[in-house]
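Everything quoted here is computed from the prediction, not taken from an experiment.
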Amino acid sequence: MSTIKRLTGDEFRIDIARINELLLQQSPNLKKEVTEADVRRVLRDPRFYSFVAVDSERPEDGYLGMASVVFGRTVANKWIGEIHDVVVDSRSRGQGIGKALMQRLIDLAGQLSANWDAKMDLCLTSRPSRIEANALYAKLGFVLTAQAVGEQGTNFYRMKIEPNGARGL
């Protein structure tokens, strides 16, 4: 069974090798590895949240998956959340880890929307080749609002979150 844990930067050790392995599985053409300093720097941003999944019984196995979201505000006083780096290790897929990570991000967006008493657009992009991920996003209520054209493009998904807990588009 996996547990979803927020990375805060207060951890004695961040498993940077595992983060790089996961990012490479998500984006095989990734040109540069991230450093622990890179991760700690972004974790200091109060509007950036990163979560990892760990095996509750074997935490020494490292991160089974990860997902991040960053929140911002537009000039028109509209809140947005951008989801990034959603990936589950290829050996751990099909166990509900991706769904648990995504649900944690959606729940967080809902909580912040209520705290800020503001509507929010929660969005993400995904390559069409990530078939299971795209199906998961639709199943969770994200709406495909722009579809990729060609091999290099990405799909764009949105979900509107209301302060009262309503979700949709």
Return the minimal non-hydrogen interatomic distance between [X] and [Y], and the atom names on each side.
X: P163; Y: A114; value: O-CB, 3.5 Å
X: F51; Y: L105; value: CD1-CD2, 3.5 Å
X: R167; Y: I161; value: CG-CG1, 4.3 Å
X: L64; Y: S92; value: CD2-OG, 3.7 Å
X: G72; Y: W79; value: O-CE3, 3.1 Å

Cluster check [X], [Y]: I/L/V/M/F/W/Y, side chain < 4.5 angstrom:
X: Y49; Y: V34; value: no
X: I4; Y: I83; value: yes
X: M102; Y: L108; value: yes
X: V86; Y: V70; value: no
X: L7; Y: V88; value: no

Among residues at least two apart in sequence or on other chains, which ones pass ring pair (Phe, Tyr, Trp, His ring centres under 6.0 Å) with Y157?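 Applying ring pair (Phe, Tyr, Trp, His ring centres under 6.0 Å) to Y157 gives Y137.
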
| query | Taking atom types as modelled and ignoring hydrogens, do the side chains of D107 and Q103 form a donor-acceptor contact shorter than 3.5 angstrom? | reply | yes

Is there a salt bridge (charged side-chain N to carboxylate O under 4.0 Å, His left out) between D45 and R47 once you walk through the steps? CA-CA 6 Å; D45 184 331; R47 293 194 180 145; over 6 Å; no

If we check side chain to side chain contact (heavy atoms under 4.5 Å, CB included) with V87, which of these qualifies: L22, I97, I19?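 Going through the options one by one, the only one that passes is L22.
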
What's the separation between atom NZ in K78 and atom CE in M120, rounded to the nearest 0.5 Å?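 So the NZ of K78 and the CE of M120 are separated by 11.5 Å.
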
